[in-house]
Amino acid sequence: MRKRSFPVPVAIITVFLAVACPFFRAAAAHGAERLDPAVRFDKLVVEKKARRLTALSDGRVLREYRVALGPNADGPKRLQGDQKTPEGLYRVDGKNPNSRYHKNLGVSYPNERDRETASALGGNPGGDIKIHGLGPKFRHLGKDHWRYDWTLGCIAVTDEEMDELYFHTDVGAAIEILP
C-alpha cells in the first residue's frame with residue numbers, strides 16, 4: 001500500500017496558518033474600535049515600569065498604549081539632561097500639531113516639588129517634557145518602539161496612537177506618571 005503524502009503547497013499553507021493565526025488574532029485583538037468623537041480622555045496614567053499609558057474618561061479605562069521613555073527610565077527626573085521621565089502629578093499644558101515627533105501633548109513638568117528637588121541638588125529641573133509620536137526618524141520602529149527607550153525623557157507612542165490621544169485629550173487633562 002502506497003503511503004499518501006500532502007502536496008508541498010498544502011504543507012506550506014498549513015505551516016503558515018499554524019504560525020500566522022495567533023499573530024492575526026493578536027493583531028485583531030489589539031485593534032480597537034473607533035471612539036465616538038465626543039469622548040474626552042480626562043486622565044492619562046503612565047506606568048513607567050510597565051511601559052504603558054492608560055487613557056481614562058470618567059474613571060473608565062478606554063485605551064492602553066505601549067510607550068517608550070528616556071534611556072535612564074528608572075527613578076524620577078531630577079535634573080535637566082538626566083534623560084529620565086518625571087514621576088508625579090501633572091496636566092496637559094499644551095498641544096502641538098506640528099511637532100518633530102508627529103504631534104504632542106505638553107506635560108506641565110516641572111511642578112513645585114520637581115523645582116524644589118532640583119534646587120536642593122543645585123541644578124535646573126529642565127522641562128519640555130511631552131507625550132509624542134514617533135516622527136519620521138523613529139517611525140520604522142512601529143509598534144515595537146516601546147522596546148527601545150530612545151526619548152530624552154518624554155513619553156512616546158506610535159503616530160497613529162498619538163493622533164487618537166491628541167484628538168481626545170484637552171488641555172488641562174490630568175497626567176499621573178508612576179514608577
Starting at CD of Glu161, measure out to CZ of Arg63 and round the result to the nearest 0.5 Å. 10.0 Å
Going by the ring-ring contact (aromatic ring centres under 6.0 Å, His included) test, which pairs reach into residues 111-141, not counting sequence neighbours? Tyr101-His132, His132-Trp150, Phe138-Trp150
Can any side-chain N or O of Thr151 pair as donor or acceptor with the backbone N or O of Leu69 at less than 3.5 Å? yes
Starting from Val61 and following side-chain heavy-atom contacts under 4.5 Å between hydrophobic residues (I, L, V, M, F, W, Y), which residues can be reached? Val45, Leu56, Leu178
Answer yes or no: is there a donor N or O on one side and an acceptor on the other, between the side chain of Asn96 and the main chain of Asn104, under 3.5 Å? no
Pro110 versus Gly127, closest heavy-atom pair with distance: CD-CA, 4.4 Å
Contact summary for Arg66 and Val157, nearest pair of heavy atoms: O-CG1, 4.0 Å
Identify, with sequence neighbours excluded, every residue that meets salt bridge (Lys or Arg N to Asp or Glu O under 4.0 Å) alongside Asp149. Arg51
Assigning hydrophobic clusters by single linkage (Ile, Leu, Val, Met, Phe, Trp, Tyr; side-chain heavy-atom cutoff under 4.5 Å), is Leu165 placed with Leu62? yes
Quick one: ring-ring contact (aromatic ring centres under 6.0 Å, His included) pairs with a partner in residues 110-130, sequence neighbours left out? none
All heavy atoms of Asp159 vs all of Leu134, minimum pair found to be OD1-N, 2.6 Å
Rounded to the nearest 0.5 Å, what separates atom CG in Leu44 from atom CD1 in Ile175? 5.5 Å
Donor-acceptor check, side chain of Ser57 to backbone of Phe41, threshold 3.5 angstrom: yes or no? no
Suppose we screen for salt bridge (Lys or Arg N to Asp or Glu O under 4.0 Å). Which residues come up paired with Arg91, at least two apart in sequence or across chains? none
Listed partners of Asp93 passing salt bridge (Lys or Arg N to Asp or Glu O under 4.0 Å), at least two apart: none
Cluster overlap Leu35 with Leu53, hydrophobic side-chain contacts below 4.5 Å: yes
Would you say that Thr169 contacts Ile131 through its side chain, given a criterion of any heavy-atom pair below 4.5 Å between the two side chains? no
Got a sec, which residues hit ring-ring contact (aromatic ring centres under 6.0 Å, His included) with His145, two or more places apart in sequence or on another chain? none
Once salt bridge (charged side-chain N to carboxylate O under 4.0 Å, His left out) is applied, what residue pairs with a partner in residues 167-177 remain, sequence neighbours excluded? Arg40-Asp170, Lys43-Glu176
Give a yes or no on whether a salt bridge exists between Glu160 and Lys143, defined as a side-chain N under 4.0 angstrom from a carboxylate O. no
Measuring from atom CD of Gln83 to atom CG of Leu152, what distance do you get when rounded to the nearest 0.5 angstrom? 5.5 Å
Got a sec, which residues hit ring-ring contact (aromatic ring centres under 6.0 Å, His included) with Tyr166, two or more places apart in sequence or on another chain? none
So, does Ser119 use its side chain to make a donor-acceptor pair with the main chain of Arg115 at under 3.5 Å? no
Look only at the side chain of Lys48 and the backbone of Gly75, and say whether a donor-acceptor pair between them is shorter than 3.5 Å. yes
Does Asp114 reach the main-chain N or O of Asn111 with its side chain, forming a donor-acceptor pair under 3.5 Å? yes
Main-chain N/O of Pro125 paired with Tyr109 side-chain donor or acceptor, under 3.5 Å: yes
Side chain to side chain donor-acceptor pair (under 3.5 Å) pairs touching residues 68-78, sequence neighbours excluded, are Lys77-Asp82
Approximate separation, where rounding is to 0.5 Å, of Leu105 CG and Cys154 SG: 11.5 Å
Which heavy atom of Ala156 sits nearest a heavy atom of Gly133, and at what distance? CB-O, 4.3 Å
Can you list the residues that meet the salt bridge (Lys or Arg N to Asp or Glu O under 4.0 Å) rule with Glu47, with sequence neighbours excluded? Arg52
Qualifying salt bridge (charged side-chain N to carboxylate O under 4.0 Å, His left out) pairs, either residue in residues 97-107, two or more places apart: Lys103-Asp163
